[in-house]
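Report on the following structure.
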Amino acid sequence: MSNKVHLGHTARKRFGQNFLTDSNVINRIVGAIAPDNDHVMVEIGPGLAALTEPVAESIDKLTVVELDKDLVERLKTHPFLKDKLEIHQGDALKFDFNQLVEEGKQMKVFGNLPYNISTPLMFHLFEFAEHIENMHFMLQKEVVLRLSASPGTKAYGRLTVMAQYFCQVMPVLEVPPGCFTPPPKVDSAVVRLVPYKNKPWPCKDVDLLRHLCTTAFNMRRKTLRNNLKQMLSDEDFASLNIDATKRPEQITVEQYVAMANLVIDKRNG
Ligand code: SAM
C-alpha cells in the first residue's frame, strides 16, 4: 500500500516525515508525557496527529508548531482538535518559545522530531530551559545513546556533555522502524530531558564550553593535553586536578565545565 493511500497524505521526505502508527508505542509515549492542564503543553511537528489526538483528549489546550502547510490545514479542520489547538505554522528552529510562556506555568514540550533537525532543535530549546519542565522526543536511537552516555564509553562526546550540562537525560523506550509509516532507515528511541532548575556545574560562558568541547573531541584518540594545548597548560590541568593524558571521552561534564571556567578566568585576567 502506498503511503498516500494509507495515510491520506504523501509523506514529505524533506520534512523528515515518518508518521507513528503503532498504537502501543503511541500509548506508552503519551503515558511518559503525562499531559495536564497545569503546564503549557507544546508539540513540535504534530504531523497527522498520532500523538496530538491522545494528548489533547485529556487536556483543554495544546500548542503545536508545524512547518508543513498542508498538515496545518488538516489540523485546522480536524473535527475535535480544531477547538483545542493553538497552531503555529513555521519552523520550530526559529520559533520563539518565550511567546508561549504563561504566568505560573512551565512548559512540557514533546515531539517525534524530524531527525535532520533534532540536534539543532534541542540546542534551540535549551535556550528556553528555565521555562521548560521536561521534554520528550523521538530521536534516532544512536542520538539517544549519545545523549545519555556515561564517560568512558564510545557514545560519550560533545553532544553528551552539552546535553547533560543543561538537562538530566533518561532514555524512555526503543522504537523499531516498523512502528512508523513510512519506516525510517534507522532505529528510533524516545528520550526524556529534564532541564536543571539549578545547574549542578554552572559555566560562566556556554559558548566557550561548546567551543572547548568541540576542540577536545576533535580527535578522540589524542590526549586532552594535545587537543586543548591552545587553551590550557600543564599547570592549568594540574590546578584542576585533571589528568591531561586522558582521552576526551574519559572526562566528566563537571570537569569540562571546570576547564571552561578556568579558560574564562584566564581571559578575564
Ligand atoms: N508527530 C507525527 C507523528 O508522530 O506521526 C509526525 C512526526 S514526523 C517524524 C515530523 C513532523 O515534523 C512532520 O509533521 C513534519 O512536517 C514536521 N516538521 C519538519 N520540520 C519541521 C520544522 N523545522 N519545524 C516544525 N515542524 C517540522
Side-chain angles (χ1 to χ4, degrees), residues 1 3-33 35 41-57 59 62-78 81 84-100 107-128 132 135-144 172-192:
M1 206 186 312
N3 295 330
K4 181 152 188 175
V5 174
H6 186 54
L7 300 168
H9 166 84
T10 306
R12 294 195 164 98
K13 232 181 175 169
R14 70 177 188 284
F15 290 158
Q17 292 179 350
N18 300 96
F19 299 103
L20 257 174
T21 39
D22 184 293
S23 54
N24 182 36
V25 166
I26 292 169
N27 288 341
R28 287 178 65 187
I29 297 172
V30 175
I33 295 167
M41 301 295 305
V42 184
E43 179 174 11
I44 296 167
L48 293 165
L51 296 169
T52 324
E53 281 180 20
V55 166
E57 223 159 64
I59 57 174
L62 172 59
T63 300
V64 301
V65 183
E66 172 60 61
L67 184 58
D68 186 326
K69 290 191 173 122
D70 291 346
L71 293 176
V72 165
E73 278 316 305
R74 288 173 67 120
L75 292 169
K76 279 185 181 162
T77 53
H78 188 288
L81 284 175
K84 293 204 177 189
L85 294 189
E86 177 183 310
I87 304 174
H88 295 265
Q89 192 273 318
D91 184 351
L93 281 173
K94 298 187 187 133
F95 190 76
D96 177 7
F97 288 86
N98 276 332
Q99 65 183 283
L100 305 181
M107 288 187 248
K108 284 186 179 176
V109 183
F110 65 96
N112 169 14
L113 299 185
Y115 295 155
N116 54 336
I117 65 155
S118 62
T119 302
L121 184 58
M122 279 187 288
F123 281 100
H124 179 57
L125 281 159
F126 292 157
E127 291 174 29
F128 307 95
I132 300 176
M135 299 180 264
H136 289 86
F137 293 129
M138 176 85 73
L139 304 168
Q140 282 185 48
K141 181 177 153 188
E142 186 218 309
V143 175
V144 172
V172 177
L173 84 151
E174 293 187 9
V175 187
C179 296
F180 302 85
T181 302
K185 291 200 174 65
V186 291
D187 282 332
S188 304
V190 176
V191 71
R192 171 201 280 258

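Just follow the structure's listing: the first ligand is 1, and inside any ligand the first atom is 1.
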Nearest heavy-atom approach of Val30 to Pro35 is O-CD, 3.5 Å
among protein heavy atoms, the one nearest atom 23 (N) of ligand 1 is Asp91 OD1, 2.8 Å
**Request:** Decide yes or no on side-chain contact (heavy atoms from CB on, under 4.5 Å) for Tyr115 and Met138, but give the supporting numbers first.
**Result:** CA-CA 9 Å; Tyr115 295 155; Met138 176 85 73; 3.4 Å; yes
Near Ala50 (heavy-atom distance under 4.0 Å), the atoms of ligand 1 are 5 (O)
Closest non-hydrogen atoms of Pro184 and Pro177, given as atom of the first, atom of the second and distance, are O-CB, 3.4 Å
The answer for which part of Ile117 has a heavy atom under 4.0 Å from ligand 1 is side chain
Atom 20 (N) of ligand 1 has as its nearest protein heavy atom Pro114 CG, 3.4 Å
Ligand 1 atoms nearer than 4.0 angstrom to some heavy atom of Pro46 are 1 (N), 2 (C)
Atoms of ligand 1 under 4.0 Å from any heavy atom of Gln17, numbered from 1 in the order shown, are 8 (S), 13 (C), 15 (C), 16 (O)
- Message: Determine whether Arg12 and Asp70 satisfy the following criterion, side-chain contact (heavy atoms from CB on, under 4.5 Å), listing intermediate values before the conclusion.
- Response: CA-CA 11 Å; Arg12 294 195 164 98; Asp70 291 346; 2.7 Å; yes
for atom 3 (C) of ligand 1, nearest protein heavy atom and its distance come out as Asn112 ND2, 3.4 Å
side-chain contact (heavy atoms from CB on, under 4.5 Å) assessment of His78 paired with Glu53 | CA-CA 10 Å; His78 188 288; Glu53 281 180 20; 2.8 Å; yes
For Asp187 and Pro176, the nearest pair of non-hydrogen atoms, with its separation, is OD1-CA, 4.2 Å
A student checking ligand 1 against Gly90 at a 4.0 Å heavy-atom cut-off should list atoms 24 (N), 25 (C)
protein heavy-atom neighbour closest to atom 14 (O) of ligand 1 works out as Glu66 OE1, 2.8 Å
Contact region, Leu71 to ligand 1, non-hydrogen atoms below 4.0 Å, reads side chain
Here the atoms of ligand 1 under 4.0 Å from any heavy atom belonging to Glu43 are 1 (N)
Partner of Phe95 under side chain to side chain contact (heavy atoms under 4.5 Å, CB included), picked from Leu100, Ile44, Val42, is Leu100
Quick note on ligand 1: atoms under 4.0 Å from a heavy atom of Gly16 include exactly 8 (S), 9 (C), 10 (C)
Is any side-chain heavy atom of Phe110 closer than 4.5 Å to a side-chain heavy atom of Ile29?
-> no
Heavy-atom closest pair (Pro114 atom, Phe15 atom, distance to 0.1 Å) is CB-O, 3.6 Å
of all protein heavy atoms, closest to atom 1 (N) of ligand 1 is Gly45 O, 2.8 Å
min-distance protein heavy atom vs atom 26 (N) of ligand 1 -> Leu67 N, 3.4 Å
Residues Ile132 and Leu125: closest non-hydrogen pair is CD1-O, 3.7 Å
Worksheet item: Is there side-chain contact between Asp96 and Phe128, with at least one heavy-atom pair below 4.5 Å?
Response: yes
_Are any of the N/O atoms on Asp68, whether in the backbone or the side chain, positioned under 3.5 angstrom from an N/O atom of ligand 1?_
no
On a heavy-atom basis, the closest approach of Leu62 and Met41 is CD1-O, 3.5 Å
Atoms of ligand 1 under 4.0 Å from any heavy atom of Val65, numbered from 1 in the order shown, are 25 (C), 26 (N)
re atom 5 (O) of ligand 1, the protein heavy-atom contact at minimum distance is Leu20 N, 2.8 Å
In ligand 1, the atoms that come under 4.0 Å of a heavy atom of Asn18 are 7 (C), 8 (S), 9 (C)
Atom 24 (N) of ligand 1 sits nearest the protein heavy atom Ala92 N, 2.9 Å
